[in-house]
Chemist: 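My questions all concern the structure below.
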Protein chains: 2
Amino acid sequence: MRVSTRFSDSIHLLAFLNIYADQHLTSDLIASSIETSPVVVRRLMGKLRQAGLITTTPGSAQPALAKPLAQISLLQIFYAVEGDKPLFAVDPKTNPECIVGGNIQTVLQQYYQDAQTAAEARLARTSMQDIVDNILVEQAKKEALPHN
Amino acid sequence: MRVSTRFSDSIHLLAFLNIYADQHLTSDLIASSIETSPVVVRRLMGKLRQAGLITTTPGSAQPALAKPLAQISLLQIFYAVEGDKPLFAVDPKTNPECIVGGNIQTVLQQYYQDAQTAAEARLARTSMQDIVDNILVEQAKKEALPHN
DNA sequence: CTTCCTGTAACTATATGAATTACTGTGATT
DNA sequence: AATCACAGTAATTCATATAGTTACAGGAAG
């Protein structure tokens, strides 16, 4: 498949709302930063709003973070936009007549869940505050270099 | 995209090679357990052979594990068949003129890598021996139940 | 030399995600 | 209240990753 950039783009979007909070935040402006279409941005905002991470006003360009940066973890964002898809997929259709085919799902389920939980624990430990801080640090590094 | 079951099916395949080592292991037989086509099985075996996990003989149905079960970790299998794809995708195309768009990739890269490494560490800790043991335990549980 | 099988390439079918088009309805401005 | 800017969302199209299928060359084993 085409690999999903929803998670990545959502983090981008939330950082943008914070850093450019003083601007007129239309879906068009946000889309120009992510380099996607305004409709995609509005769809992402829909998911993030449902998850309680942002607030929006129909008809008016004033999306805003619903909580402080430090209280929004990458895991919350991940669940908001990709929450239904496991990281590792178990083949759902195997031959139940076979010792392997009849039991593999049950067995893999546990180990896959363990691995996913390990990754999620990491995502839970990182907040949008960390992301924004790092973005600003990277930007400062660039500006410290001589310009040509 | 359609979600990949290569990893899952490869674990299935390796377990099958061990448990049914005494059978005539044609790609057709293996395919009937995974409920896929023989060509898909041969393609998976190709990857697993390249990764040094199994040995095969062209023209002859005798695939076999290249090492003991305990020395094959889930991580090795994952790399063999999905190794090129990161678990979390960074949107590669964002507006470099923007503070967020110009730095988000660099920042996400680190955090995504951390999360992926955490998951991989888990996969590295589990071997095909664990998988096969668990499959046999599950099977024994079923056989202990009264049959109708 | 015939049969069974692997290894692959080429093609088709299907699923997911993103982009596009189009529309409804809200809010702000005059 | 009329108009304009914009959010929200459905429906469609387009692109791409995977799996399934067909086809065939070549090895193994009787």
Chemist: Decide yes or no on side-chain contact (heavy atoms from CB on, under 4.5 Å) for Ile104(B) and Asp91(B), but give the supporting numbers first.
Modeler: CA-CA 9 Å; Ile104(B) 187 85; Asp91(B) 188 336; over 6 Å; no
Chemist: Please report the distance, rounded to the nearest Å, between CG in Leu44(A) and C1' in dA7(D).
Modeler: 14 Å
Chemist: Using nucleotides 23-30 of chain D, report all nitrogen or oxygen pairs with the protein that are shorter than 3.5 Å.
Modeler:
| from | atom 1 | to | atom 2 | distance (Å) |
| --- | --- | --- | --- | --- |
| dG27(D) | N2 | Gly59(B) | O | 2.9 |

Chemist: Look at the side chain of Thr36(A) and decide which nucleotide, out of dA19(D), dA19(C), dG20(D), has an atom nearest to it.
Modeler: dA19(C)
Chemist: Starting the side chain at C-beta, find the nucleotide from dA7(D), dG7(C), dG17(C) nearest to Thr26(A).
Modeler: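 For Thr26(A), the side-chain atoms sit closest to dA7(D).
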Chemist: Does the side chain of His24(A) get closer than 4.0 angstrom to OP1 or OP2 of dA5(D) through an N or O atom?
Modeler: no
Chemist: Rounded to whole angstroms, how far apart are CG on Asp9(B) and P on dG20(D)?
Modeler: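 Asp9(B) atom CG is separated from dG20(D) atom P by 8 Å.
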Chemist: Measure CG/Asp28(B) against P/dT6(C) and give the value in whole Å, please.
Modeler: 8 Å
Chemist: Check whether any side-chain heavy atom of Ile131(A) lies under 4.5 Å from a side-chain heavy atom of Leu74(A), and answer yes or no.
Modeler: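 Yes, side chains in contact.
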Chemist: Lys47(B) NZ to dG7(C) P: how many Å, rounded?
Modeler: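 So the two atoms are 15 Å apart, to the nearest Å.
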Chemist: May I ask you to check whether Phe88(B) and Tyr111(B) place their ring centers less than 6.0 Å from one another?
Modeler: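 No, ring centres 6.0 Å or more apart.
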Chemist: Figure out the CG/P separation between Leu13(B) and dT6(C), and round it to whole Å.
Modeler: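 Interatomic distance, CG of Leu13(B) to P of dT6(C): 11 Å.
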Chemist: Quick one: Arg49(B) CZ to dC5(C) P, roughly how many Å, whole number?
Modeler: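 Value for this atom pair: 18 Å.
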Chemist: Near DNA chain C, which residues from residues 88-107 of chain A have a heavy atom under 4.0 Å away?
Modeler: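 Residues of residues 88-107 of chain A that come under 4.0 Å of DNA chain C do not exist, since none gets that close.
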Chemist: Dump the intermediate steps for side-chain contact (heavy atoms from CB on, under 4.5 Å) on Ser127(B) and Gln71(B), then the final yes or no.
Modeler: CA-CA 7 Å; Ser127(B) 75; Gln71(B) 287 173 35; over 6 Å; no
Chemist: Scan Leu29(B) against the nucleic acid and name what it touches under 4.0 Å (heavy atoms): base, sugar-phosphate only, or nothing.
Modeler: nothing
Chemist: Does a donor on one side chain and an acceptor on the other come within less than 3.5 Å for Gln109(A) and Gln105(A)?
Modeler: no
Chemist: Met128(B) and Ala15(B): which non-hydrogen atoms are nearest, and at how many Å?
Modeler: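 Closest approach of Met128(B) to Ala15(B), heavy atoms only: CE-N, 3.4 Å.
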Chemist: What integer distance in Å separates Met45(A):CE from dG8(D):C1'?
Modeler: 9 Å
Chemist: Looking only at side-chain N and O atoms, does Lys85(A) come under 4.0 Å of OP1 or OP2 in dT16(C)?
Modeler: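 So the side chain of Lys85(A) is outside the cut-off, no N or O lying under 4.0 Å from OP1 or OP2 of dT16(C).
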Chemist: Can you tell me how the ring of Tyr112(A) sits relative to the ring of Phe7(B), calling it parallel under 30°, perpendicular over 60° and tilted otherwise?
Modeler: parallel
Chemist: Which sits closer to the 5' end of DNA chain C, Pro38(A) or Glu82(A), going by the nucleotide each is nearest to?
Modeler: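 Here Glu82(A) is the residue nearer the 5' end.
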Chemist: Taking only the side-chain heavy atoms of Arg6(A) (C-beta and beyond), determine which of dG20(D), dA18(C), dC6(D) contains the nearest atom.
Modeler: dA18(C)
Chemist: So which nucleotide from dG17(C), dA18(C), dA19(D) ends up closest to the side chain of Thr5(A)?
Modeler: dA18(C)
Chemist: How many whole angstroms separate atom CD1 of Ile30(B) from atom P of dG7(C)?
Modeler: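 Interatomic distance, CD1 of Ile30(B) to P of dG7(C): 10 Å.
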Chemist: Taking only the side-chain heavy atoms of Thr56(A) (C-beta and beyond), determine which of dG20(D), dG17(C), dA7(D) contains the nearest atom.
Modeler: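 Looking only at heavy atoms from C-beta outward on Thr56(A), the closest nucleotide is dA7(D).
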Chemist: Which one of Arg42(A), Arg49(A), Gln62(A) satisfies the side-chain hydrogen bond (donor to acceptor under 3.5 Å, both in side chains) criterion with Thr56(A)?
Modeler: Arg49(A)
Chemist: Looking only at side chains, do Glu120(B) and Gln116(B) share a donor and an acceptor under 3.5 Å apart?
Modeler: yes
Chemist: Is a donor-acceptor pair below 3.5 Å formed from side chain Arg43(A) to base dA19(C), judging by atom type as modelled?
Modeler: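 Such a pair is found, so the answer is yes.
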Chemist: When all nucleic acid strands are considered with a 4.0 Å heavy-atom cut-off, which category describes Ser37(A): base, sugar-phosphate, or nothing?
Modeler: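 The residue Ser37(A) makes base contact.
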Chemist: Is there a side-chain contact between Lys93(A) and Thr36(B) in this structure, where contact means two heavy atoms from C-beta onward sitting under 4.5 Å apart?
Modeler: no
